[in-house]
Structure formats: C-alpha cells, structure tokens
Amino acid sequence: MAGDNVWVLGAHMTKFGRHDDKDVLDLAAIASLAALADGGVTIQDMDVIGAGSLFNAASGIGQQIQKQIGQTGIPVFNVVNACATGATAVRAVYLSIKAGEADMGLAVGVEQMGKMGLLGMGAGGSGKTEYVPSGRDGRVMPTEGLLGTFSMPGVFAQAGMQYLYENDDVDVEHFYKISEKNHAHSTLNPLSQYQKRFSLDEIKAAPMISFPNTMPMCSPNTDGAAAVVLISEERLRSMPKEVQRRAVKISASVLQTDPWVESGAALPDVNTCTRNAAKKAYEIAGVDPQDLDLVELHDCFATAELLHYDNLGLCEPGGAGKFLDEHGPYRDGKIPVNVSGGLESKGHPIAATGVAGVYEITTHLRGEAGDRQIEGAKVGLTHVIGLGSTCGIHILEKASL
Amino acid sequence: MAAQVPLVSYLVLDGAGPYLSAHVCTACGARSLERRNACPKCGSAAGFDKARLADTGVVTSFTIVQRAAPGVKAPFISATIALDGGGAVTANVVDTEPDPEHVTLGMPVTLTTFVVGTADDGAEAVAFGYAPI
C-alpha cells in the first residue's frame, strides 16, 4: 500500500575483514541468503533489489548477485554514492515499498578491497612533458601534494581541524579519545575486522598518516557484505507472529546532498548535509536526539566522528568535546556511539557500510547483539557520509504492529 | 626567461599577477574558482564576472600529510584558507616546517608561487601556496 510504513524483516552481515578465499559475489550472496533466511522468506518473495559495490559500480553487481541467489526477473537498482552507497541501496528499496510498487525487497552492499592502500590519492609529480590545461580547474598536471590533498585521511583530518578552529574547548586530544573508545568497543564485536584495544599513548605514538590521524584512527580497507530485507507494514501483518516480533520499524529514511557553502569547493562539506538530513529524519520519525539509545555514525577517521556529535544534535551546538569528556558516546554513556567498534575497528567495505549500520541497529533493537548489546535499546540511528557529498540517515525503532 | 603556465587556470600570472581569480555569479555574487556552467549557489545561468581574490587570509583547517601516494612528495601541509574579503581555497602551506608547532589554526598567511615542473619545451608550471606572515 502506497505510503505504508516500511520495516526491516531480515538482516545479516558477514564478518568484516579479509576474505581472500571468496570473491565479491560470494560475500554478497552469503549476506543476501542469510538476510532472506533471517526474515523467513526467499528470493521468490522479493519484488525489488537495491545493490551497491563502489569498486564494481559499472559491472551490474545486482544482476550478478541474482545469478548466485535466484534470477527471478525483478527490477534491480544498481546504485553508487561513494560511502553512502549502502544507505542509498536501502533507500531505493524503501522507496519502492513506500510507493506501493513492492511489498518486499532486498538491499545489499558489498566490497572486496583487499589491500588497496590509501584512497583518493591520485599520483602527483611532473611526468608530463607538455602542459595542457584540462578539467574544470584547468590543471596542467595532477595537483595532489601541490595544492593540498584530496587523500581521504587528509580531507577528513582537515574536516576535524575545521571544527577545532570554529569551536572552543576542543583539541586534538579529543580525536585520540574517540579512537580509544571505538577500539575498546570493538573488543565486544566478533564481526569487527579488528578487536584490539589501544591505549591513548599507543594511538598517539602510532605511525602518522595525516596529522592528526594516526594509523589506528583510520578505517582500514575491508572485505565484507551486508544485506537487509525490507517489507511493507501491510505485508508484515500476514507474516507469522515470531517473524513479526523480530521486525524493526524504519521510522525515517533520509538522503541529502551538500548545499552550496562558500568553502565547499575548497574542502568537501560533510557537515551541512548531515545537519539537514538529521533535522529531516528527526521530524519524520518524531524522535528527539535525546531519545536515541544508540548511534552508528560515519567514523571513517577519528577526526570525522567528533563533527557528527554536533551535526546529529547529540550534544549542544559546539559541545562535541564536552560530550566526549562527559562520557556521552561511550557504551555506558548517555548516547552510545559506534558500539560496533565503528569503521575504525569494524572496517569500512565502502558499499557494505551503510547496510551494515542498519544491521547493527536492527540487531540491538531485537536484543540479539550478544556481548555488545545495549540493554533495552528501543530507538537507534545510523548515519553515513559519502564524500562529494551525500548523507544517509536511517532511524529505526522497536515497535509492535 | 622561460614561459610560465599556471598549475590551475584560476592562478593568474601575467599583468598584475600572481593572484587568484574567481568567477563571480552576476546574479548572487557567489564565487567559484573552477569553471561552472551555471551558479552552484543560486542556479542562475546569467553568467559570471571575474574578480581578483585577496592574497592574504587565515588558515581555517589543515593537515600534515605524512603518508602519500607514490610520486607525491611528503610530508606537506595541506590547508584551507579563508581569504580576506571572501573566498576560500585549499593549497599547501609552504616556507615553514611541516609540524603542528609551525602551522596553527587561525594563522595569517599570504600568497606565494613556486615552480613545480618544466616541460620539454622549457615552459615552467607554476603553483601557488601560502606562507606564514
């Protein structure tokens, strides 16, 4: 029924890490089949697929996945939106159900990154023997390292430093604390790529990648997949009681891009799109940030997490440092953030990340998160940022039909 | 003297150069360094005027890149500069040590240029950066 509520029926993520014995389709198929089984349904029940894999964006990844799990002829939306690809896949399925064209759909994100190295690093230097302007800025050679950096650790380091410039009572020590927190959280999550606790001193002394981000403050390259099955509320009513009981309501699904700001062309703006998406999501869900029992936000680098305490309204404006100092985002704090270990520990298989956020929140709301369970969690938010920029936010709630 | 070409087209070297030149939307006044088809702020396709940006500004954000791609010399300081009178740009901070003691948030800087390569025909590519004042 058009306009009907949409629920998460099934969810699964593979362990994130290295899967050298599998290919990208194995990972996607494992997550997809397990999400279907988790919801008590099969591919025959699906009306639509949303699929994403950033590094296989031109390959028709959704159709390739169908050839592993069932070619039923249903529409596939292959989506790409940088690190918001997974959230976009979820939202494509959500919209299909919301529009009344589908009763059930599968969203899957997958990535196999192996050891790709640092992302966003175009080669620089002066290999050219002839200077011919090209591109929108008329460059005559690659500009990486000559006109600042567009490497991911560097861009997000600068985003974090901008917050320090604009706010008082916050300094680089806060970035180290965030990394310490997330790695501590990861020790409870068996699906995390790394489950190793680091002391503050170890984090500070680790190899510097791009000041102030040291190695443990950067998300690693990761293989992994995550999938969710979404269902309309009307269709959910016809499902068995034990299936209904585990279903989780999507109270808001929002995607926003970055509106124009003067500095946006100089430094990608990950703040305004997050603020706008959060405002919209809270309005749609009728939820206040203070109602949130847990948040999974996009800590691709430790410097990024701090910004989003503020952007998502978890703290007072300008109060991200204080929120951290007062223990707010720790798993026993006021609004636990990244109890999965965050991307810094859990790993960041780009297109899988947004779907894995929905998996994580769903698992807590079901009370099935094992050692890392946030007891009694009823409302959770998951957030991703794709540079360029896109913000995806989903608010999930434990509710009964 | 060898011919000089700017690393990017918004760096003006001739005449009163060096300076940075922005495309200014005739409808709303928004500045863009890169070429645009219409204004990214207001959507107007009425066109752009050119305006010289200030040579001075302050560092509003920076990082010190230690680990860079092959062929990129590290360490270097990447910074976003809020220019006096408006406009923002990302470039290297130069003529200082690449450590957090020598580059700070809010630090005033000024435009400088330097040669970053020579083509077979002898033309020199000139980049810009910012030096502490």
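Chain letters run A, B, ... following the sequence lines, proteins first, then strands; residues in each count from 1.
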Contact origin within [X] toward chain A - heavy atom pairs under 4.5 Å:
| X | answer |
| --- | --- |
| B:K73 | neither |
| B:V94 | neither |
| B:A79 | backbone |
| B:V5 | side chain |
| B:P75 | neither |

Value rounded to 0.5 Å, distance of [atom1] in [X] from [atom2] in [Y]:
| X | Y | atom1 | atom2 | value |
| --- | --- | --- | --- | --- |
| B:L105 | A:Q162 | CG | CD | 10.0 Å |
| B:F62 | A:L164 | CZ | CG | 8.5 Å |
| B:N37 | A:R136 | CG | CZ | 4.5 Å |
| B:R67 | A:N213 | CZ | CG | 12.5 Å |
| A:Q158 | B:S61 | CD | OG | 4.0 Å |

**OP:** Quick one: which of B:C39, B:P40, B:P6 has the most heavy-atom pairs under 4.5 Å with chain A, could you say?
**Re:** B:P40
Original post:
Which one, B:T104, B:V59, B:V93, B:I64, leads in non-hydrogen pairs under 4.5 Å with chain A?
Top reply: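 Top count of heavy-atom pairs under 4.5 Å with chain A: B:I64.
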Original post:
More than 12 heavy atoms of other residues, nucleotides or ligands under 6.0 Å from CG of A:D169: is that the case?
Top reply: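 Open: at most 12 neighbouring heavy atoms sit under 6.0 Å from CG of A:D169.
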**OP:** Would you indicate whether A:E166, at its atom CD, is surrounded by more than 12 heavy atoms from other residues, nucleotides or ligands within a distance under 6.0 Å?
**Re:**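 Counting neighbours around CD of A:E166, more than 12 heavy atoms of other residues, nucleotides or ligands fall under 6.0 Å, so yes.
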Determine whether [X] and [Y] make a side-chain contact, defined as any pair of heavy atoms from C-beta on separated by less than 4.5 Å.
| X | Y | value |
| --- | --- | --- |
| B:D121 | A:Y131 | no |
| B:F128 | A:L147 | yes |
| A:L146 | B:L7 | yes |
| B:Q66 | A:I209 | no |

Show the nearest heavy-atom pair for residues [X] and [Y], with the distance to one decimal.
| X | Y | value |
| --- | --- | --- |
| B:V65 | A:S210 | CG2-OG, 3.5 Å |
| A:G148 | B:N92 | N-OD1, 2.6 Å |
| A:M141 | B:A125 | CE-CB, 3.6 Å |
| A:W260 | B:A30 | CZ2-CB, 3.6 Å |

Could you tell me whether a side-chain N or O of [X] sits under 3.5 Å from a main-chain N or O of [Y], the two making a donor and an acceptor?
| X | Y | answer |
| --- | --- | --- |
| A:D137 | B:V8 | no |
| B:T80 | A:L267 | no |
| B:T63 | A:F211 | yes |

